[in-house]
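Have a look at the structure below before the remarks.
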Amino acid sequence: MCGIVGITSNKPVTSSIINSLRKLEYRGYDSAGIATLYNGLIDEVKCEGRVDNLEKNLVNKNLQGNVGIGHVRWATHGVPNQVNAHPHSSERVSIVHNGIIENSTLLKKHLIRKGHNFKSQTDTEVIVHLITEYLKKNDLQNSILKMLKRIHGSFALGIIFKDQPDLIVGARRGSPLAVGYGPKENYLGSDSYALKSMTNKISYLNDGEFCILRKDHVEFFDENGNKVNKKILELSSSEENYDKGDYKHFMEKEIEEQPITIKNCVNEYVDKANGDINIYNFPWKTDEVSSIVLVGCGTAFHSCLMAKYWFEQLTSLDVTTDIASEFRYRKNRFKKDTLYIFVSQSGETADTYAALDLCKKNGMKTCSVVNVVESSIARDSEFVLPIHCGPEIGVASTKAFLGQMLVLYLLCLKIGSIRKEIDRKTFLDKIKNLSLLSKLVKNTLTTETQIQAICNSFTDAKGSMFLGRGYSFPIALEGALKLKELAYIHAEGYPAGEMKHGPLALIEDGMPVVVLAPRDKYYKKTISNMQEVIARGAKVLLITNKSKDEVFSENIWEKIEVENISEDLLPFLITIPLQKLAYYTALKKGYDIDKPRNLAKSVTVE
Ligand code: F6R
């Protein structure tokens with residue numbers, strides 16, 4: 001959360017910083033700011049709200065300078081307003097910060113006693129005053145080292161100094177930070193995405209490291225101030241993927257892209273010639289693994305839950321799922337024969353990263369399923385399975401969810417076939433079905449007009465429920481999450497069979513309830529559960545797949561039929577109408593679809 005950019009150059013940097021901040025807005029968008037150094041003075045412009053506001057504020061102010069830092073904020077300490085927006089400055093330094101300083105209250109008391117005046121409610125401001133204090137008696141490097149030793153918590157920092165004309169300091173602990181190399185200029189960014197429009201040459205800081213950037217030179221140091229050599233990596237991804245094209249929103253584009261992203265992913269992993277799945281360099285023998293733990297947050301957690309059903313159905317492995325924020329504080333039973341799989345679109349989610357880190361410290365086998373292959377989670381796990389779906393910019397995860405499920409399904413097939421728990425014929429049948437998936441997702445995307453009409457009933461709803469059993473249960477959770485985060489409607493995802501144990505009490509006359517009942521082995525049971533909610537006045541939207549057999553139930557309010565495919569792949573198809581339902585309901589309510597309130601794309605705080 002929060003985005004950081006810094007540029008030191010031989011030319012003015014304001015407009016490049018603004019461009020990068022626009023790219024970083026997916027990380028936080030409740031306030032923004034920029035500071036530059038010009039003629040020995042630090043000047044800053046800050047605002048509440050988006051980068052657009054910042055740009056308007058800049059019209060009346062000619063912010064000059066060849067060195068600068070910028071920030072987009074997702075508030076943790078202090079309300080989102082202009083005063084709390086970053087950068088925060090003293091007479092000597094200006095700082096942008098991503099993360100949380102856990103001992104800020106104590107440090108603040110100490111600094112106030114020493115005569116420092118605080119202007120904001122943020123934890124960040126203690127860093128400003130700490131460095132200012134240390135600079136009184138120490139050189140720059142020692143001041144940084146001392147400051148880093150005093151602060152606890154997670155952070156990525158960008159710092160400029162009044163008396164250092166072409167210099168930016170970057171430092172990280174917990175939160176990611178990247179350095180980019182350009183012609184006669186160098187960059188600092190909270191991820192490589194912000195830097196990609198300027199360079200494809202990137203280095204990443206490891207935890208505890210700091211760096212000193214000058215326009216023609218970058219140095220890296222460890223937490224004790226010893227110099228560190230860094231590899232420069234070349235990134236491949238091209239700029240045009242980040243464009244909305246003719247779509248109104250990134251989310252809409254990303255939903256519509258799913259047939260292509262699925263096709264790409266299948267092509268990457270499925271070896272058609274040999275009837276196999278290209279996961280050859282798996283670092284462990286299958287007899288070294290007898291259980292799997294899948295870990296993720298939010299949508300990524302839902303794909304973990306989906307994978308549990310597949311692994312249990314197709315292999316004899318013990319499979320458990322864990323919400324990453326719960327994982328790290330429990331007393332986990334780490335066992336040598338367990339494979340830990342971390343699922344994350346961004347690869348930067350703090351809770352998921354912390355869970356990975358804990359597993360590594362306990363000597364566990366770690367594998368990640370990520371979209372951003374340069375991310376911290378990808379870099380630090382032993383084995384990486386990319387989902388190949390290209391940048392996902394809309395805050396609500398859509399194509400990445402399908403991509404995560406697809407890769408986990410492929411991994412399940414591969415492991416099941418190596419362990420000889422999936423016979424050759426079944427394996428080949430399943431691979432064949434996968435080759436149909438992209439086309440069927442495409443056909444399912446055409447339920448547009450029907451969904452738009454259905455949305456009218458959701459816009460006025462105070463609450464709603466999403467019900468499913470078996471393979472459809474994780475999708476019910478995902479459908480509810482999408483409606484909550486985009487349309488701000490309370491939505492509860494629930495196992496349909498559990499309704500009678502309490503939640504049936506919530507059903508009121510006219511309450512919209514989405515029932516996921518594809519014609520799989522749970523179908524008849526789910527239809528019975530559906531009748532129970534209809535009997536209590538619910539307005540049921542049934543999502544099932546096409547069939548010659550009529551649905552045997554009366555009083556269904558609306559029905560959407562997706563295409564047909566094997567039972568285990570139906571979850572991909574029934575997800576599509578749910579994504580559209582959330583999208584169009586939010587659109588009708590006039591909400592900001594790509595940047596819903598109180599959220600951010602990359603959650604790098606605990
Ligand atoms: C929901 C959503 C979030 C993320 C979660 C994990 O649409 O986007 O719930 O899924 O924050 O993010 P990643 O996958 O980046 O670890």
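Order of listing sets the numbers, starting from 1, for every ligand and every atom in it.
For ligand 1, the polar-atom distance check against E485 finds a nitrogen or oxygen pair separated by under 3.5 Å.
Those atoms of ligand 1 with a heavy atom of A396 less than 4.0 angstrom away are 7 (O). The S344 neighbourhood of ligand 1 comprises atoms 13 (P), 14 (O), 15 (O), 16 (O), with distances under 4.0 Å to a heavy atom of that residue. Of all atoms in ligand 1, listed by their number and element, those nearer than 4.0 Å to a heavy atom of A300 are 10 (O), 14 (O). Every atom of ligand 1 is numbered from 1 in the order shown, and the set under 4.0 Å from a heavy atom of K482 is 1 (C), 7 (O). Annotation for ligand 1: atoms under 4.0 Å from non-hydrogen atoms of V395 are 8 (O). Listed by number with element, the atoms of ligand 1 under 4.0 Å from a non-hydrogen atom of Q345 are 13 (P), 14 (O), 15 (O), 16 (O).
Side-chain contact check for K230 versus V179: every heavy-atom pair is 4.5 Å or farther apart. Side-chain contact check for L410 versus L434: some heavy-atom pair is nearer than 4.5 Å.
Taking only non-hydrogen atoms, the option from N371, T349, V343 nearest to atom 16 (O) of ligand 1 is T349.
Residue T398 places every heavy atom at 4.0 Å or more from ligand 1. Ligand 1 lies out of reach of E348, whose nearest heavy atom is not under 4.0 Å from it.
Distance alone, capped at 3.5 Å, is enough to place a donor-acceptor pair between the T315 side chain and the L317 backbone.
Checked against T76 for a side-chain contact (heavy atoms from CB on, under 4.5 Å), the options I101, N98, I100, T122 give a single hit: I100. Here the options are N443, L402, T398, V562, the test is side-chain contact (heavy atoms from CB on, under 4.5 Å), and the partner is I576; only L402 passes. Each of T321, D351, D322, T352 was scored for a side-chain contact (heavy atoms from CB on, under 4.5 Å) with F327, with one residue passing: D322.
Aromatic rings from F466 and Y494 are positioned such that their centres are separated by 6.0 Å or more.
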